[in-house]
Amino acid sequence: SPLYIFITSQTFSGGFGGYEGADAICNSAAFGSILTGEFVAFVSDNNSHVRDRIKNPTKRHWYLMDNFTRIALTKEDLLDGNLLAPININ
């Protein structure tokens with residue numbers, strides 16, 4: 001199964017309760033759409049980087065929620081900005 005990436009139309013300040021709060025917001029947005037599963041917010045702080053939070057042990061590709069538009073082939077592509085398409089669906 002593909003990995004999904006999306007943006008929300010909402011704006012948040014940095015005070016969302018750390019990673020747990022950010023992940024809760026992310027999962028709430030995902031479940032409010034057509035997505036199921038576990039979602040991790042794409043956030044970093046001074047103590048850790050998003051690369052350590054995002055896992056992809058099976059080397060699956062990232063897709064938009066349309067299930068068609070491929071965004072990145074690898075985790076490295078996702079993190080270094082080598083995207084195949086913009087992340088523009090919320």
Side-chain angles (χ1 to χ4, degrees):
S1 65
L3 298 170
Y4 293 105
I5 188 164
F6 64 93
I7 59 172
T8 70
S9 57
Q10 297 174 293
T11 302
F12 300 94
S13 69
F16 40 66
Y19 291 132
E20 294 83 12
D23 290 345
I25 291 168
C26 184
N27 279 279
S28 177
F31 296 144
S33 68
I34 59 172
L35 302 177
T36 61
E38 182 180 343
F39 294 86
V40 176
F42 200 89
V43 296
S44 297
D45 67 13
N46 291 335
N47 298 315
S48 63
H49 193 277
V50 69
R51 82 173 56 89
D52 301 323
R53 294 179 32 79
I54 295 177
K55 311 297 182 211
N56 187 9
T58 58
K59 307 295 185 210
R60 295 178 288 168
H61 299 172
W62 272 268
Y63 288 83
L64 289 179
M65 292 173 20
D66 66 3
N67 239 355
F68 176 75
T69 307
R70 190 167 33 186
I71 297 298
L73 301 178
T74 66
K75 176 179 172 179
E76 291 74 24
D77 288 344
L78 182 67
L79 295 173
D80 69 14
N82 188 20
L83 302 178
L84 300 171
I87 303 168
N88 59 2
I89 295 179
N90 63 13

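Start at 1 with the first residue, then count along the sequence.
No more than 12 heavy-atom neighbours from other residues, nucleotides or ligands sit within 6.0 angstrom of NZ on Lys59. Sparse packing is recorded around CZ of Arg51, with 12 or fewer heavy atoms of other residues, nucleotides or ligands lying under 6.0 Å away.
For Arg53, the salt bridge (Lys or Arg N to Asp or Glu O under 4.0 Å) partners two or more places apart in sequence, or in a different chain, are Asp23. Applying the side chain to side chain donor-acceptor pair (under 3.5 Å) rule to Asn82 yields the partners Asp77; only residues at least two apart in sequence or on another chain are considered. Looking at residues two or more places apart in sequence or on another chain, you find a side chain to side chain donor-acceptor pair (under 3.5 Å) between Tyr4 and Asn67.
Here the CG-NE2 distance, from Leu78 to His61, works out to 12.0 Å after rounding to the nearest 0.5 Å. Note: Trp62 CH2 to Leu73 CG = 10.0 Å, rounded to the nearest 0.5 Å. For the atom pair CD1 (Ile54) and CG (Leu3), the distance works out to 9.5 Å, reported to the nearest 0.5 Å. For the atom pair CG (Asn47) and CG (Asp52), the distance works out to 11.5 Å, reported to the nearest 0.5 Å. Note that OG1 of Thr69 is 12.5 Å distant from CD1 of Ile5, once rounded to the nearest 0.5 Å.
Between Ile87 and Leu64 the shortest heavy-atom distance is CA-CD2, 4.0 Å. Across Ala85 and Ile71, no two heavy atoms sit closer than the pair O-CD1, 3.5 Å. Counting all heavy atoms, side chain and backbone alike, Phe16 lies closest to Val43 at CZ-CG1, 4.1 Å. When all heavy atoms of Met65 and Phe6 are compared, the pair lying nearest together is SD-CB, 3.6 Å.
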**Request:** Mind running side-chain contact (heavy atoms from CB on, under 4.5 Å) on Val40 and Val50 for me, showing each step along the way?
**Result:** CA-CA 9 Å; Val40 176; Val50 69; over 6 Å; no

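Criterion: ILVMFWY side-chain heavy atoms under 4.5 Å apart, direct or through other members. Under it, Tyr19 and Phe12 are part of a common hydrophobic cluster.
In this structure the side chain of Cys26 never reaches within 4.5 angstrom of the side chain of Phe42, judged on heavy atoms.
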